[in-house]
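Taking it in order: structure first as structure tokens, then the write-up.
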Amino acid sequence: MTSEGLAVQADAPAGPTGRRGRRAADVPTLVERAREGDARSVARLISLVEDASPALREVAAALAPHTGHAQVLGLTGSPGVGKSTTTTALVRALRATGKRVGVLAVDPSSPFSGGALLGDRVRMQDHAGDSGVYIRSMASRGHLGGLSWSTPQALRVLDAAGCDVVLIETVGVGQSELEIASLADTTLVLVAPGMGDGIQAAKAGILEVADVFVVNKADRDGADTTVRDLRYMLSLGGRHSEAGQWRPPIVKTVASRDADNGIDQVLEKIETHREWLAASGEGQRRRSERAAREIEAIALATLRERMGDVHGSAALGTLAGRVVAGESDPYRAADELLDEL
Ligand SMILES: Nc1nc2c(ncn2[C@@H]2O[C@H](COP(=O)(O)OP(=O)(O)O)[C@@H](O)[C@H]2O)c(=O)[nH]1
Ligand SMILES: [Mg+2]
């Protein structure tokens, strides 16, 4: 992504912390315009965070007072299960109720995803020209898992821009469903009949992250079997079986249909979950956890950056020399190094 000609000083390489470089002069203006619903400004701000622009810190600071409003919905599931189709249907249904909606489609890092993504873009054009919808594909930048560190920041941009709901679509491979669950208020796990997803879900620990199960492609044979499999697996325990805990409902959908597609039932379950989050205090807990992870990730990245500065430095050389000479040990030397950072 480019920063679309924005006057940002790119004089020094910035890491994910945006620690280096100078500030961009017009971040406050961009934030102001984004808050007025200007899609270009939203796009520029997301590009800034995605590019780890030197202005990242200023952007984060300017956004902060305007965040915390958006309801964040995560959608995950195997490739082809119907995540993009469901996202599109959810956007349509939410728009019909007058909600402002943001979509972050996180490009999977796997190499065989290119084709699907193009399809996503085309179908998403359903909503092109609707100023109440903001859709953005995010690169995952080869980061571990499907979500990059910039996704939470992009989420903040959409939140500050006044989105009532932000949908994050990501392919459920490995780490990414855990990451999406940590970002989202409500996580939807999509499965489809005949894909062996039920079993895969159990293996991948998807059961633990799902707040709502969506059995999509319910027009196909085997949908009821898939529902039964899921119900059976849920009955086996896990966090959901404890008293007072949320029991993930299972909803059948045919997302590719324009009407009578089950999407309204999905929205009902999301609403019920939202109420449970508020009543149980779990919502607040999740948001704190989300912020804690963000802080941790930034702190670790900052540390890594500083370690980069240290590598080959005289201080490290001295410490190394003392370890080689047997005057110190690597643990003590590492403590001394950290003390200096
Ligand atoms: N029969 C049927 N096909 C569907 C349904 N939902 C999506 N599809 C099709 O499944 C394919 C993959 O959908 P897509 O939304 O791109 O899946 P994603 O990879 O999970 O985002 C597309 O060809 C869709 O048209 C459904 O409910 N029933
Ligand atoms: Mg998709």
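Each ligand, and each atom within it, is numbered from 1 in the order the structure gives.
The environment of Glu275 atom CD is dense: over 12 non-hydrogen atoms of other residues, nucleotides or ligands sit within 6.0 angstrom. Counting heavy-atom neighbours within 6.0 Å of Asp221 CG, excluding the residue itself, gives a total of 12 or less.
With a cut-off of 2.8 Å, the Mg ion (ligand 2) has no N, O or S atom of Thr87 in range.
Partner of Pro248 under the side-chain contact (heavy atoms from CB on, under 4.5 Å) criterion, chosen from Val209, Leu230, Leu234: Leu234.
A donor-acceptor contact closer than 3.5 angstrom is absent between the side chains of His69 and Asp159. With 3.5 Å as the limit, one finds a donor-acceptor pair spanning the side chains of Ser41 and Asp38.
The heavy atom nearest to atom 3 (N) of ligand 1, out of those in Ala218, Ser256, Gly82, is found in Ser256. In this structure, of Gly77, Gly80, Pro79, the residue bringing a heavy atom nearest to atom 12 (C) of ligand 1 is Gly80.
Here Lys269 does not pair with Asp211 in a salt bridge; the nearest charged N to carboxylate O distance is not below 4.0 Å.
Which parts of ligand 1 touch Ser84 is read off a 4.0 Å heavy-atom cut-off, strictly below it: atoms 15 (O), 18 (P), 21 (O). Per-residue contacts place Ala255 under 4.0 angstrom from the following atoms of ligand 1 (heavy atoms of the residue considered): 27 (O).
Contacts between Asp219 and ligand 1 below 4.0 angstrom, taking non-hydrogen atoms only, involve the side chain exclusively. The side chain of Glu169, and not its backbone, has at least one atom closer than 4.0 Å to an atom of ligand 1 (non-hydrogen atoms only; side chain from C-beta on).
When OG of Ser84 and OE2 of Glu169 are joined through the Mg ion (ligand 2), the resulting angle is 80° to the nearest 10°.
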